[in-house]
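The sequence lines fix the lettering, A, B, ..., with proteins before strands; numbering per chain opens at 1. Keep in mind that the numbers below use all heavy atoms, side chains included, and drop hydrogens, waters and symmetry copies.
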Amino acid sequence: MTTLFALCDCNNFYASCERVFDPSLNGKPVVVLSNNDGCVIARSNEAKALGIPMGEPYFKIRNLVENGRISAYSSNYVLYGDMSDRVMQTLSLFTPNVEVYSIDECFLDLGDFYDIDLFSYAWEIKRTVQQWTGIPVSLGVAPTKALSKVANRLAKKSTKANGVLVLTDPYHIQKALEATKIEDVWGIGGQYAKFLKKRSINTALDFSKLSENWVKQNMTIVGVRLLKELRGESCLELDEVAPPKKNICTSRSFGKKVNTFDELQESTASYAAKCARKLRQQKSCACLITVFIHTNRFSENDKQYYNSKTICMPVATNSDIELIHYASIALKEIYRDGYWYKKSGVIVSEIVPDNMIQLDLLDTLDRDKHARLMGVIDGLTDRFGRSKVRVATQGIDNTWMLRSDFKSPCYTTRIDEIQKVYVR
DNA sequence: TCTGGGGTCCTAGGACCC
DNA sequence: TCTGGGGTCCTAGGACCC
């Protein structure tokens, strides 16, 4: 059986989202900053052309921003998430089988579409997404997922392809593999790239000629799957329904240096509540909770400290109140006076479906009551926005909160913001 | 010289992704 | 002054059991 996949990838996604709502940015350099406005995580083509690398710390480009040479935005995940949904919904009109691979990427299973004009079809997809959502996308079409990644990358890079590349005949596949450097192959990270280049394996084509045994020995079974995929043998299926997450993590760097227990406790409580909400959204509960804190690893003057503590809770839970309770216990154990803290986080793990909870005979908590309360809190959060209702431990003024100085409005999801757009 | 041999579970750590 | 956040999978090795 022959397989056929398309990988659709939004171009410079976060920067493109900002542009949809402010067309005056078209043709101009735009960057989007990480949480805390720390570094660059998305760049428009014009920003790339200025030589701004991915991950560039903001302070290094501050001058360009202040002189108006670049527009910089704080990341606005609510907006990007909503735009992502629109793109994915549009894509799912073209085939019922899609895998939302990340916020800006989607695999489409084109199954046995070999008898249609793939090139025209791919272009129709691209045009439709652009027209309906305002987001420019690139498409790579090929017999396996790994090859569709290769095709997508070349589609974006080549001015001739201009955003669409269909890679189905062996000759073109060879040429594409030859044109793809080993470090640009999906699944080859920094370590493997170094290892392979030392052995004169410089391109995807070189890699595809290696023996299965050698790859298995040196790169585990993961490498073997990639090898087969690049040779055109499909090993990676389309995962249409995202499996429930096995770990959920909420962590942030602070907007300022923090040294008191109370500030750490507020932030940790907020992250625990956020994890609880994520658990409820996927209808599951966690047995373990981990809290970690650390100082600023870039600061040479400050004393460094990292620690984490994991607590096994008596009964799996997804309640804000309980998770905050155990997070506080864990934090107390690892907190040390006399350090400047930069970041804290909460991870919940050992996740089980919420209808399969192992009860504890000595459990005294009224779990039904908790569940109803959380339902009410979720309802209020949905209606009035995040953090309008919260457990007291989470604090009120939250001076530790992250910095986000250049955030665009949540155009698509907030009534007041939507009105602003209409008024304009 | 030589120290049973499996099986299973768990954890830490390494690799990768966007 | 200023350097993101959130995930997955795989393997090796130790503990433990019979």
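- Within the nucleic acid shown, A/R297 comes within 4.0 Å of sugar-phosphate atoms alone, with no base atom in reach, counting heavy atoms only.
- Within 4.0 Å (heavy atoms only), A/I188 reaches sugar-phosphate atoms of the nucleic acid but no base atom.
- The pair A/E178-A/K175 counts as a salt bridge, with a side-chain nitrogen and a carboxylate oxygen less than 4.0 angstrom apart.
- No salt bridge links A/K149 with A/E229; every basic N to acidic carboxylate O contact stays at or beyond 4.0 Å.
- Within the 4.0 angstrom heavy-atom criterion, only backbone atoms of the sugar-phosphate kind lie near A/K149; the bases stay farther away.
- Backbone-only engagement by A/G190 is indicated by non-hydrogen atom pairs under 4.0 Å involving sugar-phosphate atoms exclusively.
- Residue A/E105 is in sugar-phosphate contact alone, with no base atom involved, counting any heavy-atom pair closer than 4.0 Å across all strands shown.
- Here A/K246 lies in heavy-atom contact (under 4.0 Å) with sugar-phosphate atoms only.
- Counting only residues at least two apart or in different chains, side chain to side chain donor-acceptor pair (under 3.5 Å) contacts with residues 53-72 of chain A are absent.
- Looking at residues two or more places apart in sequence or on another chain, you find a ring pair (Phe, Tyr, Trp, His ring centres under 6.0 Å) between A/Y101 and A/F107, A/W186.
- Under the 3.5 Å distance criterion, the side-chain polar atoms of A/R43 are matched with a main-chain donor or acceptor of A/I52.
- Nucleotide C/dC18: paired with B/dG5 (Watson-Crick or G-U wobble, both distances less than 3.5 Å).
- In 5' to 3' order, the nucleotides of DNA chain B bounding all contacts with chain A (an atom under 4.0 Å from a heavy atom) are B/dA15 to B/dC18.
- On the C1' atoms, C/dC16 is 16 Å away from B/dG4, given to the nearest whole Å.
- Between A/S24 and A/D22, the side chains place a donor N or O and an acceptor N or O closer than 3.5 Å (distance only, hydrogens not considered).
- Counting non-hydrogen atoms under 4.0 angstrom, A/S75 reaches nothing in the nucleic acid.
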